[in-house]
S.K.: 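Quick one: the structure is below, questions incoming.
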Amino acid sequence: MLKKVVCALVMFSLVACGGPEANEPLVEAEVVASPATKSPKVDVQTEVETFTVVMLGDSLTAGFGLAAEFALPEQTETRLREAGFDVTFINAGVSGDTTGGGLARYDWSVASANPEMLIVALGANDYLQGQTPEQAHENLSAIIKRGLDDGLVVLLVSVGARSDEIDDPRAAAFAEIYPALASEFGVPHLQGMLSDIRSNTDLLLPDWLHPTAEGIGLVADRLSVFVAENLPQG
């Protein structure tokens, strides 16, 4: 049954899908409340029990510049619920946050919610603020370990480097963090969260950094499939 729902989400994403990041923490943008993309309509129910999912991230998680209902966690929850999954997402995104900030607030952002799943979507601001890839690796490792020690299903999401990794060794070093951690801890990794929209300015807010509601919808299409594939069966 789970396989059928995941396939349906995949098919929807294939139909629905077809700015750079600044050298400072992700900055404010004009609030935009444009319609989100349509979520998949799947008349299939699963036997998965109610799942609480915390998405620990920065402004890309928080929904910077958008009305709250168009933020990535909310849009991903909508797609999964309409596909028959009984899930509740908690948006633990803080604009400008780094991996160190996410680790520091783990207790009140994650543990206090008593979730079953943790999605870690941090690291972009570490790169933008000039922090070292070694420190980001250490912080992400600690967050993942905390989640696993708490018995959570942990998923790792990376944004993807803006610049050409061949011309930017530091960007390449940051890109290597995520597959290395996924291998080290045996956790699933969704690479390049913004890969499909970064080059399309129509899907970005005026700051050319953050997605519009339509852009977030495309990201949510991918993320909902990724989450569905990693929900426990039965």
S.K.: Can you give the donor-acceptor pairs under 3.5 Å from side chains of residues 111-118 to other protein atoms, not counting sequence neighbours?
M.R.:
unit_1, atom_1, unit_2, atom_2, d
S112, OG, W108, O, 2.6
E116, OE1, T52, N, 2.7

S.K.: Indicate yes or no for a side-chain donor-acceptor contact from D168 to the backbone of R170 under 3.5 Å, with no hydrogens or angles considered.
M.R.: yes
S.K.: Would you check if the side chain of S59 reaches a backbone N or O of A62 as a donor-acceptor pair within less than 3.5 Å?
M.R.: no
S.K.: Side chain to side chain contact (heavy atoms under 4.5 Å, CB included), that's the test. Do T61 and L56 meet it? Break it down for me.
M.R.: CA-CA 7 Å; T61 296; L56 184 68; over 6 Å; no
S.K.: Under the ring pair (Phe, Tyr, Trp, His ring centres under 6.0 Å) test, which residues partner F89, sequence neighbours left out?
M.R.: none
S.K.: So do the side chains of D86 and F51 get within less than 4.5 Å of each other, counting heavy atoms only?
M.R.: no
S.K.: Using the rule side-chain contact (heavy atoms from CB on, under 4.5 Å), only one of I197, N200, L203 pairs with E214; which is it?
M.R.: L203
S.K.: Please answer whether the main-chain N or O of G93 pairs with a side-chain N or O of D97 as donor and acceptor at a distance below 3.5 Å.
M.R.: no
S.K.: Any sub-3.5 Å donor-acceptor pair from S141's side-chain atoms to H137's backbone N or O?
M.R.: no
S.K.: For E69, is there any backbone N or O sitting under 3.5 Å from a side-chain donor or acceptor partner on Q75?
M.R.: yes
S.K.: Take the angle between the ring planes of F174 and Y127 and call it parallel below 30°, perpendicular above 60°, tilted in between.
M.R.: perpendicular
S.K.: Identify whether I90 and V94 are in the same connected component of the hydrophobic contact network (ILVMFWY, side-chain heavy atoms under 4.5 Å).
M.R.: no
S.K.: Applying salt bridge (charged side-chain N to carboxylate O under 4.0 Å, His left out), which residue pairs with at least one partner in residues 118-130 are found, sequence neighbours left out?
M.R.: none
S.K.: Is there a side chain to side chain contact (heavy atoms under 4.5 Å, CB included) between F185 and V154? Walk through the geometry before answering.
M.R.: CA-CA 10 Å; F185 288 99; V154 178; over 6 Å; no
S.K.: Would you indicate whether the side-chain heavy atoms of D58 and V159 approach each other to under 4.5 Å?
M.R.: no
S.K.: Taking G192's backbone N and O only, do any of them form a donor-acceptor pair with R222's side chain (distance below 3.5 Å, no angle check)?
M.R.: yes
S.K.: Please tell me whether V87 and L155 are part of a single hydrophobic cluster in this structure, the criterion being side-chain heavy atoms less than 4.5 Å apart.
M.R.: yes
